[in-house]
Amino acid sequence: MTAAVAAAAAGGEVAWLCVALSLACAAALRQRLAMLERERDSLRRDALSDPVTGVANRRSLLARADYEIARHRRAGQSFALVLLDLDGFKQLNDRFGHAAGDDLLRDVAGALGRAMRAQDTVARFGGDEFCVLAPETNAQGTERLAAKVSHAVREVSAGMDAVGGSVGVALFPQDGGTAAELMHAADERLLAAKRRRPTGVGRAQRRAA
């Protein structure tokens, strides 16, 4: 083998090694980027979901409410916001422990998810309080919505006489033009529902024009 041939062969090997190294680096980079994307998605889910039930959390719900307010205002439509409070939840926790309470919260979240439409948002608002945001729902639809929420709780709490649910419903834009105003209106009706137990349903009433 002449010196020229040997040099060409060596140069070819170096070139092949450079290509192989570049491909290996590119593959490693793709794997690293994919891992970072999965970590980012996981962090985003954790930031927007309740760790106990897996449904949306308060932060996620309020962001969705702001979006739906803007969307429904442009379209001239209404939507409903439902607050649900589990009556007797503290007593259940005290008697059977927090693990039993967490099981009940997960069961309620699952029942609400099955009862609601795909476009509705089910969220745990904190403690034993849940919220449902139902787009494109009018005043007539709030009665059916409240009934569905109450039925979901009864389905889960069957056999637990001390556990029930109180519901309050607010309607955009009749009951407020911001998420805070809607939450306040729904909360007022929820408190009124607690006083009217055992029905536990706060019916949305349209404000006088």
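Small disclaimer: the values here were computed from a predicted structure and weren't measured. Note that these values count all heavy atoms, side chains included, but never hydrogens, waters or copies made by symmetry.
Between Q174 and S78 there is a side-chain heavy-atom pair separated by less than 4.5 Å. Put simply, the side chain of L133 reaches to within 4.5 Å of the side chain of L61, judged on heavy atoms. Looking at D87 and V163, their side chains never come closer than 4.5 Å, going by heavy atoms from C-beta outward. Between H184 and E181 there is no side-chain heavy-atom pair separated by less than 4.5 Å.
Separating the OG1 atom in T121 from the CZ atom in R64 is a distance of 4.0 Å, to the nearest 0.5 Å. From Y67, atom OH reaches atom NE2 of H72 across 9.0 Å, with rounding to the nearest 0.5 Å. Rounding to the nearest 0.5 Å gives a distance of 15.0 Å between OG of S166 and CZ of R189.
With sequence neighbours left out, T53 forms a side-chain hydrogen bond (donor to acceptor under 3.5 Å, both in side chains) with D50. Taking the side-chain hydrogen bond (donor to acceptor under 3.5 Å, both in side chains) definition, one finds that D120 meets it with R117, sequence neighbours left out. Residues satisfying the side-chain contact (heavy atoms from CB on, under 4.5 Å) criterion with L62, sequence neighbours excluded, are R58, F125, A179. Contacts of R71 classified as side-chain hydrogen bond (donor to acceptor under 3.5 Å, both in side chains), with partners at least two apart in sequence or in another chain: E68, E136. Taking the side-chain hydrogen bond (donor to acceptor under 3.5 Å, both in side chains) definition, one finds that D103 meets it with R106, sequence neighbours left out. Annotation: ring-ring contact (aromatic ring centres under 6.0 Å, His included) contacts of F172 (sequence neighbours excluded): F79.
Smallest separation of non-hydrogen atoms from G165 and V153: N-CG1, 3.9 Å. Considering every non-hydrogen atom in both N93 and G101, the closest pair reads OD1-CA, 3.2 Å. Contact detail for M183 and C131: the closest heavy-atom pair is SD-SG, 4.3 Å. The two residues A186 and A170 have their closest heavy-atom pair at N-CB, 3.7 Å. Nearest heavy atoms, G177 versus R73: O-NH2, 3.1 Å. Of all non-hydrogen atoms in P173 and Q77, the two that sit nearest each other are CD-O, 4.3 Å.
Between the side chain of T142 and the backbone N or O of A139, at least one donor-acceptor pair lies under 3.5 Å. Of the possible donor and acceptor atoms, one in the side chain of T137 sits under 3.5 Å from a partner among the backbone N and O of A134. With hydrogens and angles disregarded, a donor-acceptor distance shorter than 3.5 Å links the side chain of R124 to the backbone of G127. A donor-acceptor distance shorter than 3.5 angstrom exists from the side chain of D175 to the backbone of L171, with no hydrogens or angles considered.
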Go through L86 and F130 one step at a time and tell me if the side-chain contact (heavy atoms from CB on, under 4.5 Å) criterion holds.
CA-CA 8 Å; L86 296 179; F130 288 84; 4.2 Å; yes

Using side-chain contact (heavy atoms from CB on, under 4.5 Å), reason through S49 and N57 one step at a time and then give a plain yes or no.
CA-CA 5 Å; S49 63; N57 61 14; 5.7 Å; no

Is there a side-chain contact (heavy atoms from CB on, under 4.5 Å) between L83 and V167? Walk through the geometry before answering.
CA-CA 6 Å; L83 272 183; V167 176; over 6 Å; no

Working for side-chain contact (heavy atoms from CB on, under 4.5 Å), residues V132 and L84
CA-CA 8 Å; V132 176; L84 163 68; over 6 Å; no

